[in-house]
2 protein chains.
Amino acid sequence: MRLTSKGRYAVMALVDLARFDGINPVSLRDISLRQGISLDYLEQIFSKLRKKEIVQSVRGTQGGYVLNRKAKEIKLTNIFDAVDEKVKTVQCKKDSKKGCNGKSTKCLTHNLWDELETHINNFFDKKSLDDLVKENFERRL
Amino acid sequence: MRLTSKGRYAVMALVDLARFDGINPVSLRDISLRQGISLDYLEQIFSKLRKKEIVQSVRGTQGGYVLNRKAKEIKLTNIFDAVDEKVKTVQCKKDSKKGCNGKSTKCLTHNLWDELETHINNFFDKKSLDDLVKENFERRL
DNA sequence: TATAAACCTGACCAAAATAGTCAAGTATCA
DNA sequence: TGATACTTGACTATTTTGGTCAGGTTTATA
Ligand code: FES
Ligand code: FES
């Protein structure tokens with residue numbers, strides 16, 4: 001099980017951005033430089049974040065992105081969902097009644113993976129962007 | 001984040017096998033047929049499980065595999081470890097002091113991913129093969 | 001003792017997913 | 001009217017995954 005860069009970068013960029021929340025828009029170029037993420041790749045990611053209304057864009061000189069909601073109300077779940085970083089543990093289609101082995105019953109481990117998925121999602125549901133910024137700030141003291 | 005088939009199959013096969021624990025060795029051919037997993041692939045997986053002393057092989061006609069430890073003492077962690085299904089959430093090398101961005105400090109989200117990794121591993125540490133067999137048996141009643 | 005069942009090993013490969021790059025815009029502010 | 005920054009879509013190289021294939025060796029038993 002590995003986390004993909006897309007999800008990792010999305011959160012990283014948003015934490016960077018959230019630090020300036022309410023102060024000024026942050027350009028992707030700045031984030032790219034500070035966090036060492038390819039600018040082109042960031043653009044892909046922010047396009048998705050904008051569509052899911054997590055950030056808002058400000059065009060023109062001195063433009064950039066700002067949060068579209070309060071940091072406290074943006075959960076990791078929302079971020080991952082926006083960039084299509086899905087937690088997928090089962091092999092079968094969830095709504096189908098067929099198992100991953102093609103048989104008519106779910107496989108021996110289906111329940112287990114389903115539990116695991118819930119367990120992981122719990123973690124994502126709890127953490128907000130605000131938590132992350134704060135933790136990060138404290139660490140620097 | 002997705003679970004790979006290798007890990008999924010390893011657990012599935014072991015649950016199948018554990019049901020006959022103490023009765024007779026179980027051949028990979030049988031597991032292959034019952035669980036719909038390629039025999040060749042199973043052999044790769046069991047080769048690893050044997051090296052990590054999770055199963056023992058019984059050669060010859062009527063041979064197969066048996067558990068090498070009590071089902072209660074085989075945790076998901078052990079299984080995943082044996083087949084190299086690693087939980088990897090951070091990008092950087094864990095022991096290095098450098099961050100994933102090449103800088104000398106860990107990135108803004110390093111701590112978060114580390115927490116996530118612990119959270120997932122907790123789940124794997126708790127579940128034993130014995131638990132799985134029992135859950136499965138109960139479900140069938 | 002022959003033979004079939006089963007384990008064992010390593011090399012190989014195709015498809016999918018990932019992690020980007022590249023090119024060509026459009027909008028807006030100073 | 002330039003410079004800055006967002007916007008979009010297509011394209012691609014690399015890596016990972018999920019296997020297959022070929023050619024063994026070992027051992028129980030008929
Ligand atoms: S994972 Fe759902 S049936 Fe196997
Ligand atoms: S994940 Fe460890 S430094 Fe970024």
Side-chain angles (χ1 to χ4, degrees), chain A residues 1-13 17 20 24-66 68 80 83-89 91 100-102, chain B residues 1-13 17 20 24-33 35-52 54-66 68 80 82-89 91 100-101:
Chain A
M1 304 205 74
R2 50 176 45 209
L3 193 64
T4 67
S5 287
K6 190 153 55 179
R8 209 183 284 114
Y9 287 164
V11 176
M12 205 183 294
L17 189 156
F20 300 92
N24 51 28
V26 180
S27 74
L28 293 189
R29 192 172 149 277
D30 285 357
I31 297 180
S32 165
L33 290 174
R34 275 196 296 262
Q35 308 303 329
I37 306 170
S38 140
L39 177 58
D40 283 316
Y41 204 22
L42 272 178
E43 284 174 347
Q44 277 185 46
I45 292 170
F46 272 76
S47 161
K48 293 185 179 188
L49 292 174
R50 196 179 55 83
K51 278 177 193 153
K52 289 296 174 79
E53 299 179 340
I54 291 176
V55 295
Q56 250 185 352
S57 68
V58 180
R59 308 190 80 144
T61 316
Q62 304 300 323
Y65 284 93
V66 289
N68 196 24
F80 276 16
V83 298
D84 303 310
E85 170 87 43
K86 293 168 200 142
V87 175
K88 188 183 175 192
T89 55
Q91 174 71 1
C100 58
N101 42 21
Chain B
M1 308 206 70
R2 49 176 48 207
L3 192 66
T4 67
S5 285
K6 190 152 55 178
R8 210 182 283 113
Y9 286 164
V11 177
M12 206 183 296
L17 191 157
F20 299 93
N24 51 28
V26 181
S27 75
L28 294 190
R29 193 172 149 278
D30 284 357
I31 297 180
S32 165
L33 290 175
Q35 307 304 329
I37 306 170
S38 139
L39 177 60
D40 283 317
Y41 203 22
L42 272 178
E43 282 177 349
Q44 277 184 46
I45 292 171
F46 272 75
S47 162
K48 294 183 179 192
L49 291 174
R50 198 178 55 82
K51 277 177 193 152
K52 289 297 175 76
I54 291 176
V55 294
Q56 250 187 351
S57 68
V58 179
R59 308 191 81 145
T61 315
Q62 304 301 323
Y65 284 94
V66 288
N68 196 26
F80 276 16
V83 299
D84 304 309
E85 170 88 42
K86 294 169 200 140
V87 175
K88 189 182 175 194
T89 56
Q91 173 72 0
C100 58
N101 42 21

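To find a chain, count down the sequence lines: A is the first, B the second, and so on, and within it residues start at 1. Since this is a predicted model, take the numbers as computed values, not measurements.
One atom, CG of B:Asn68, and another, P of C:dC7, lie 15 Å apart when rounded to the nearest Å. Between the CD1 atom of A:Ile45 and the C1' atom of D:dC6 there is a distance of 15 Å, rounded to whole Å. Rounded to a whole Å, the CG atom of B:Leu42 is 16 Å from the C1' atom of C:dT9. Summarising the geometry, the separation between OH on B:Tyr9 and P on D:dG18 is reported as 8 Å, rounded to the nearest angstrom. We find that OH of B:Tyr65 is positioned 17 Å from P of C:dA5, with the value rounded to whole Å. Regarding A:Glu85, its CD atom lies at a distance of 8 Å from the P atom of C:dA19, rounded to whole Å. Between the P atom of C:dT18 and the NZ atom of A:Lys48 lies a distance of 10 Å, rounded to the nearest Å. The separation between A:Arg8 atom CZ and C:dT18 atom P is 12 Å, rounded to whole Å.
At D:dA5, none of the side-chain N or O atoms of A:Arg50 fall inside 4.0 Å of OP1 or OP2 (strictly under the cut-off). For the OP1/OP2 pair of C:dT9 and a distance below 4.0 Å, the side-chain nitrogens and oxygens of B:Ser47 include at least one atom meeting the criterion. A sub-4.0 Å separation between OP1 or OP2 of D:dA5 and a side-chain N or O of A:Ser57 is absent.
If you check C:dT21, C:dT9, D:dC6 against the side chain of B:Lys51, the one that comes closest is C:dT9. Residue B:Arg29 has its side chain nearest to C:dA6 when only D:dG19, C:dA6, C:dC8 are considered. Counting only heavy atoms from C-beta on, B:Asp40 has its side chain closest to D:dA22 among D:dA22, D:dA5, C:dA23.
The two atoms that bring B:Val66 and B:Pro25 nearest to each other are CG1-CA, 3.7 Å, heavy atoms only. Between B:Ile37 and B:Met12 the shortest heavy-atom distance is CD1-SD, 4.3 Å. Nearest heavy atom pair, residue B:Phe80 against residue B:Gly7, reads CE1-O, 3.7 Å. Across every non-hydrogen atom of A:Ile31 and A:Leu42, the tightest pair is CG2-CD1, 3.8 Å.
Between the B:Gln56 side chain and the B:Arg50 main chain, no donor and acceptor come within less than 3.5 Å of each other. At least one donor-acceptor pair closer than 3.5 Å links the side chain of B:Glu85 to the backbone N or O of A:Met1. Between the side chain of A:Ser32 and the main chain of A:Ser38, no donor-acceptor pair closer than 3.5 Å is present.
A donor-acceptor contact under 3.5 angstrom links the side chains of B:Arg8 and A:Gln91, judged on distance only.
One N or O donor and one acceptor, one from the side chain of A:Gln44 and one from the base of C:dT21, sit under 3.5 Å apart.
Separation of atoms CG (A:Leu33) and CG (A:Leu28) is listed at 11.0 Å; rounding is to 0.5 Å.
Ring geometry, A:Tyr9 versus A:Tyr41: the interplanar angle exceeds 60°, so the pair is classed perpendicular (tilted spans 30 to 60°).
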Taking only nitrogen or oxygen atoms into account, show me every contact under 3.5 Å that the protein makes with nucleotides 14-17 of chain D, one pair per line with its distance.
none

Would you give a per-nucleotide map of nucleotides 24-30 of chain C, 5' to 3', where B means the base has a protein non-hydrogen atom under 4.0 Å away, S means only the sugar-phosphate does, and - means neither? --BSBB-
